[in-house]
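Working notes, structure below.
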Amino acid sequence: MKHLMKRAMAAAFAVGFAATAAQADTIRIALAETPSDELAAFFVALERAKANGLDYEWTAFSDEELAIQAVLSGQMDIGFGTPYAAMQRSKAPIRIVFQLSKLKFFPVTSKKYEKLEDLDGEPIMLHSRGGGTDSIANVIEEKYGITFGERSYVPGSANRVVALVAGQTDATILDLSNKNKLMKQEGDKFNVLPMFEVEASDEALFANLDWIQNNEEAVNTFVAALVSTWQDMSEDPTIISRETNPDGPIGQLPPEILGNLDTFYTDAVEGGLYDPNGGGEKAAMADLEWYSGAGQLEGDPSELKIEDFWYLEPLKAATQ
């Protein structure tokens, strides 16, 4: 029931939310999913940026691919995702400015599967086409010599948990928090399959380089707020629940979700989900290797240039 409540509440936010009255210089943010506990830290950072004069508005798209297209088309300014394939094939100079989270995901299945090799030819449910879980599935296929069956896409780990519990899928890939919650509540019904470690980006913020450079002050304010939030969170994960705006989109989620924020972020920080310094060059190098191996980048990763995919100046300014 609580998962259904979460989905219903989150759907109500899909039309978007304005932080201030719309202005010509308002930053337009394309979320790749509706607000949830997974986005609470991001909204805390937005509140901090707002206190420092940033005007913004956000729109929640149904998946990462749509958020990427919204930025490519100029409909939105900043997007969520890891658009490496789009950056390489697009003529638009799209660049990442901040790593929001790492690819700390886990294959979770019904009891009919015990190891990744058992998934050869079997259907799997993932977050979005071309996104982080899709790349994990690609690398699993390569490393284990298997080929998944039909891939279906349901954004949000919590929604894929609902699908698992309802018997709508037997295999998916979940984030750390939802994996932990599922196994705590119904661990006798599901298996977490052993898998290799991944350090690449799951979610990142990206924008058109021309727009970034033309809005340097706003971007620097935004990135500085993200860095301060991520650093404070690494020291004390409970800062997220304490700074969550009760009148904002996260504050409107059901009480049982809000009451679990401390556990969510404590587990996430302990699990290495966040880089307190926003990733930077280290994350960029890991991404180039990972997304090349996942088939979303062409070319030898050692020959790819970080500056073709990341713009590091805002992070440098925020962490000096």
Side-chain angles (χ1 to χ4, degrees), residues 1-10 33-34 36-41 101-128 131-137 139-141 143-144 146 148-199 202-203 233 237-238 240-241 253-274:
M1 175 62 73
K2 68 179 182 180
H3 297 299
L4 294 175
M5 289 177 63
K6 180 176 179 179
R7 284 199 299 168
M9 181 65 72
E33 59 185 272
T34 52
S36 66
D37 47 7
E38 299 174 40
L39 293 181
S101 60
K102 300 178 186 178
L103 271 171
K104 299 293 184 181
F105 280 75
F106 304 84
V108 180
T109 71
S110 65
K111 288 291 186 178
K112 65 191 293 187
Y113 307 114
E114 296 183 353
K115 57 185 183 299
L116 287 170
E117 290 87 343
D118 294 341
L119 294 175
D120 191 23
E122 298 297 302
I124 189 167
M125 182 176 287
L126 305 169
H127 177 81
S128 65
T133 57
D134 216 21
S135 72
I136 290 174
V139 176
I140 288 173
E141 288 181 330
K143 285 184 176 291
Y144 291 89
I146 67 173
F148 288 111
E150 181 183 1
R151 299 187 185 193
S152 58
Y153 298 95
V154 174
S157 277
N159 292 330
R160 296 195 298 280
V161 167
V162 172
L164 267 176
V165 173
Q168 296 169 353
T169 184
D170 283 307
T172 188
I173 297 177
L174 300 177
D175 66 16
L176 174 67
S177 176
N178 280 287
K179 181 267 293 184
N180 287 349
K181 286 189 287 187
L182 175 67
M183 298 310 291
K184 182 178 180 180
Q185 295 169 5
E186 302 194 52
D188 59 326
K189 299 178 182 177
F190 302 99
N191 288 330
V192 179
L193 306 187
M195 197 185 78
F196 45 86
E197 286 290 323
V198 182
E199 291 296 325
D202 173 36
E203 294 285 3
M233 176 173 58
T238 67
I240 303 305
S241 64
L253 292 172
E256 60 267 31
I257 295 174
L258 294 175
N260 196 51
L261 286 182
D262 287 349
T263 299
F264 179 99
Y265 282 97
T266 297
D267 289 347
V269 168
E270 290 179 354
L273 189 64
Y274 305 111

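Source: prediction; values computed, not measured.
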Fill in: Within 6.0 angstrom of Gln168 CD, more than 12 heavy atoms from elsewhere
yes
Worksheet item: Do the side chain of His127 and the main chain of Gly156 share a donor and acceptor less than 3.5 angstrom apart?
Response: yes
Practice prompt. With rounding to the nearest 0.5 Å, note down the distance linking CG in Asp267 to CG in Asn180.
Written response: 5.0 Å
Worksheet item: With a 4.5 Å heavy-atom cut-off, do Glu33 and Leu39 have their side chains touching?
Response: yes
Worksheet item: Going from CG on Leu258 to CZ on Phe264, what distance comes out if it is rounded to the nearest 0.5 angstrom?
Response: 12.5 Å
Worksheet item: How far apart are the closest heavy atoms of Leu261 and Ala40, and which atoms are they?
Response: CD2-CB, 4.0 Å
Can you give me every donor-acceptor pair (side chain of residues 188-195, partner residue at least two apart or in another chain, under 3.5 Å) with its distance?
unit_1: Lys189; atom_1: NZ; unit_2: Glu186; atom_2: OE1; d: 3.0
unit_1: Asn191; atom_1: OD1; unit_2: Lys111; atom_2: NZ; d: 3.0
unit_1: Asn191; atom_1: ND2; unit_2: Tyr113; atom_2: O; d: 2.7

Discussion item. Among residues at least two apart in sequence or on other chains, which ones pass side chain to side chain donor-acceptor pair (under 3.5 Å) with Ser128?
Written reply: none
Worksheet item: Who are the side chain to side chain donor-acceptor pair (under 3.5 Å) partners of Ser177, not counting sequence neighbours?
Response: none
Worksheet entry | Chi angles and distances behind the side-chain contact (heavy atoms from CB on, under 4.5 Å) call for Thr172, Thr133 | CA-CA 9 Å; Thr172 188; Thr133 57; over 6 Å; no
Worksheet entry | Thr263 OG1 to Lys181 NZ distance, which is reported to the nearest 0.5 Å | 9.5 Å
Worksheet item: So, for Ala163 and Met125, which heavy atoms are closest and what is the spacing to 0.1 Å?
Response: CB-SD, 3.6 Å
Response to the item:
For Phe105, the ring-ring contact (aromatic ring centres under 6.0 Å, His included) test, sequence neighbours excluded, returns none
Fill in: Test side chain to side chain contact (heavy atoms under 4.5 Å, CB included) applied to Ile124 - qualifying residues, sequence neighbours left out
Leu126, Phe148, Arg151, Ala171, Ile173
Worksheet, complete the sentence: Rounding to 0.5 Å, atoms NZ (Lys143) and CD1 (Ile136) come to a distance of 12.0 Å
Worksheet, complete the sentence: Sorted by chain and number, sequence neighbours left out, side chain to side chain contact (heavy atoms under 4.5 Å, CB included) with Val269 holds for Met233, Pro237, Tyr274
Worksheet entry | Sequence neighbours excluded - salt bridge (Lys or Arg N to Asp or Glu O under 4.0 Å) pairs with any residue from residues 160-175 | Lys112-Asp170
Worksheet item: Can you tell if the side chain of Phe196 reaches within under 4.5 Å of the side chain of Val139, non-hydrogen atoms only?
Response: yes
Response to the item:
Those residues at least two apart in sequence (or on a different chain) that pass salt bridge (Lys or Arg N to Asp or Glu O under 4.0 Å) with Glu197 are Lys104
Worksheet item: Residues two or more places apart in sequence or in another chain: which of them pass salt bridge (Lys or Arg N to Asp or Glu O under 4.0 Å) with Lys102?
Response: Glu199
Worksheet item: Distance from Ser101 atom OG to Leu176 atom CG, nearest 0.5 Å?
Response: 11.0 Å
Discussion item. Using the salt bridge (Lys or Arg N to Asp or Glu O under 4.0 Å) criterion, which residues pair with Glu203? Sequence neighbours excluded.
Written reply: none
Worksheet, complete the sentence: Separation between CG (Leu174) and OG (Ser157), nearest 0.5 Å, reads 5.0 Å
Worksheet, complete the sentence: Residues Ile146 and Leu116: closest non-hydrogen pair is CD1-O, 3.4 Å
Worksheet entry | Test salt bridge (Lys or Arg N to Asp or Glu O under 4.0 Å) applied to Asp120 - qualifying residues, sequence neighbours left out | none
